Amino acid sequence: MTPTLAECLSRPCNDLAAVRIFAATAVLHAHAWYTAVPGLKTEDFLHVFAFTLDFQGVHAFFILSGLLLTRSLIDRPDALRFTVARLTRYVPAILVSALFAALVIGPLVTSKDAGAYFTPALAGFVMKITTLADVNAALPGVFDRNPEPGILFIPLWTIHYELVFAVVLAVIGALGLLRFRRLVLFGLVATLAVNVVWFWNGEEHLALGGPHHLVRFCSTFGIGIAMGVFADRIPVSSRMMLIVTLVAVPLGFTNLAAIAGMALLAYAIIWIGFCAPPLAATFARLGVWSYGFYVWGYLIEQTVVYALPGVSAWAVFALSFPIALAAGWASWVFVERPSIAQTSAIASAIRRALSKVRTIGREASPTVRPD
C-alpha cells in the first residue's frame, strides 16, 4: 500500500536533508558566476520552468521549510517555542560568520590601513548582518576591487523572508487556523492564482524586486504549508513522481511553466526524502551542514576571487565547494547544534519571565473596593 506523506514524516529517518545540500549547491554555483564575471544579470542564466537553477534551489528551501514548519506546529502547537527554535536555528550561525568576516577576513583583504578599518562601524556591520537589516552591508575596503565589489553575505536576503514567513506561520498556528483545511486550501488557490498571472510571461516583473520575490516565496512556502496540512492525503511513491513529471514537463514550455515547476519541485522533494533514490542517503548526511554552507558560501567565493584575480567561475565553484562544506560542518558542530540544544531552556526562561511580569502587573493593579 502506498504510504502517505504523513506516514512518511512519522518515520524516524528520512533523506530530506539531501534536498538542502542540492539547493545550497545550486545557489553556490550561480554565485560563482556573479563573483567572477562583471556585470552578469539573472537574465543571462539558463532558465528552467521559468526560473534560474539557483532560484529553483531557493524555492526548494521555501517549500521544504513550509512543509516541516507546518508539521512542527501541528504536532507541537507551541508558538513561543516554535519562534525561539527559529531564532536559535538561524541567528547564531549568522552572527559567528559576520564576526569572522569583520575580524578575520576583513583585516586580511582590506585596502584600508588598520586605523581606517578598525572603527565603530565594524559593530554596525555585524549588527546589520546578524539582524538581516542590511545583508548588503560592506566592510571598509573589503573586496572593493572584486568584480562584485563589497558584498559579503548576499544569500542572506532570502533568510529574511523565511524568518518573516515563520513568524506569520506561528501566528496562524497560535490562532488555530491550520485546523481549517478549507481555509488553507482557499489561501493556496488564491496564492497560486496570483502566481499564474504574475509569471504568465516568465520573470518579466523581476525588475520590481521585492513584490516579484514575494510572489515567488509566498507561492512556494504556501505549497509547503498545504503539503503539511494535507499530508494525510498525499501519496508518496516513485510512480506518482513519474506521473507528476509527465504532467509538469510539457507545461514547462507554456505560460504555466512557473507553477508547473513549483509543483514538480514540491513532489520531487518528498520523493527524494522518502523513496530512497540512489545516493540520497549520502547527500542527506552532507545536508545537515547545508545552512552553514549557504551562509558562508558567498563570503568564501569572494575571498577566492580576491586571492586569484581573473579566476574562472568554474574554478571559483570548484575551489569554494569543499571550503564551504567544511565551514558548514564547523558551523553545525560548534554553533548550530549547541544553540539549537538550548531552545527548550530559552523558551522556558521566557515563559518564567512573562509569568513574573504578569504577576507583578496584577499585584501593582489598584484594588477597587465598594463604598
Side-chain angles (χ1 to χ4, degrees), residues 20 23 58-95 97-98 127-137 153-181 183-184 186-188 190-192 194-195 209-229 231 266 290-291 294-295 335-336 339-355 357-358:
R20 296 191 184 278
V58 173
H59 293 168
F61 280 127
F62 275 81
I63 293 170
L64 187 55
S65 291
L67 167 61
L68 296 181
L69 295 184
T70 299
R71 293 304 299 181
S72 175
L73 273 175
I74 290 173
D75 295 339
R76 189 172 186 173
D78 184 339
L80 175 60
R81 189 185 186 284
F82 176 87
T83 302
V84 171
R86 304 287 69 73
L87 295 175
T88 56
R89 179 70 178 91
Y90 290 121
V91 176
I94 298 175
L95 172 61
S97 62
M127 183 63 67
K128 289 176 183 177
I129 295 298
T130 303
T131 61
L132 305 176
D134 181 9
V135 298
N136 292 323
F153 290 104
I154 198 169
L156 300 187
W157 72 275
T158 63
I159 296 175
H160 180 271
Y161 280 91
E162 193 163 338
L163 274 174
V164 171
F165 285 4
V167 171
V168 172
L169 181 61
V171 173
I172 292 173
L175 294 174
L177 299 181
L178 292 175
R179 294 176 299 173
F180 299 99
R181 293 192 168 198
L183 182 61
V184 173
F186 174 79
L188 176 66
T191 301
L192 297 186
V194 173
N195 178 290
H212 180 79
H213 299 309
L214 189 62
V215 176
R216 290 171 49 210
F217 298 152
C218 282
S219 299
T220 48
F221 197 78
I223 289 172
I225 291 174
M227 291 170 69
V229 171
S290 62
Y291 181 62
Y294 184 81
V295 169
V335 182
E336 298 164 50
S339 64
I340 292 171
Q342 298 303 313
T343 297
S344 294
I346 295 173
S348 296
I350 294 174
R351 289 188 208 283
R352 289 194 297 270
L354 292 175
S355 178
V357 169
R358 286 194 293 268

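If you're wondering where the values come from, they're calculated on a predicted model, not measured in any experiment.
- Heavy atoms only, all atoms of each residue included: Val295 and Ser97 are closest at CG1-OG, 3.4 Å.
- Nearest approach of Pro92 to Leu87, heavy atoms of both residues: CD-O, 3.3 Å.
- Taking the side chain to side chain donor-acceptor pair (under 3.5 Å) definition, one finds that Arg216 meets it with His59, His213, sequence neighbours left out.
- Note that OH of Tyr291 is 10.5 Å distant from CZ of Phe61, once rounded to the nearest 0.5 Å.
- The structure places CG of Leu163 at 7.0 Å from CD1 of Ile94, a figure rounded to the nearest 0.5 Å.
- When side chains are defined from C-beta on, Leu156 does not count as touching Tyr90, because their heavy atoms never get closer than 4.5 Å.
- Side-chain contact between Ile159 and Tyr294 is present, with heavy atoms from C-beta onward closer than 4.5 Å.
- Between Leu80 and Ala347, the closest heavy-atom pair is CD2-O, 3.8 Å.
- Between Val168 and Val171, the closest side-chain pair of non-hydrogen atoms is not below 4.5 Å.
- Contacts of Arg181 classified as salt bridge (Lys or Arg N to Asp or Glu O under 4.0 Å), with partners at least two apart in sequence or in another chain: Asp232.
- The shortest side-chain heavy-atom distance between Leu178 and Ile225 falls under the 4.5 Å cut-off.
- Taking OG1 from Thr220 and CG from Leu192, the interatomic distance works out to 10.0 Å, rounded to the nearest 0.5 Å.
- Here the closest heavy-atom approach between residue Gly228 and residue Ile74 is recorded as O-CD1, 3.8 Å.
- For the side chain to side chain donor-acceptor pair (under 3.5 Å) test, no residue two or more places apart in sequence or in another chain qualifies with Ser339.
- Residues Ala166 and Leu69 come closest through the heavy atom pair CB-CD1, 4.0 Å.
- Scored by the side chain to side chain donor-acceptor pair (under 3.5 Å) test, Ser65 finds Glu162 as partners (sequence neighbours excluded).
- Taking the centre of each ring, Phe62 and Tyr161 stay at or above the 6.0 Å mark.
- Side-chain atoms of Thr130 do not come within 3.5 Å of backbone N or O of Met127 as any donor-acceptor pair.
- Contacts classified as side chain to side chain donor-acceptor pair (under 3.5 Å) and involving residues 69-78 (residues at least two apart or in different chains) are given here: Asp78-Arg351.
- Remark: Thr88 pairs with Thr343 by the side chain to side chain donor-acceptor pair (under 3.5 Å) rule, at least two apart or across chains.
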Inset, instruction - Mind running side chain to side chain contact (heavy atoms under 4.5 Å, CB included) on Val164 and Val167 for me, showing each step along the way? - result: CA-CA 5 Å; Val164 171; Val167 171; 5.9 Å; no
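- Nearest heavy-atom pair across Leu188 and Ala226 is CD2-CB, 3.5 Å.
- Taking 4.5 Å as the limit, some side-chain heavy atom of Phe221 sits within range of a side-chain heavy atom of Leu169.
- In this structure, Ile172 and Leu73 have side chains that are not in contact, with every pair of non-hydrogen atoms separated by 4.5 Å or more.
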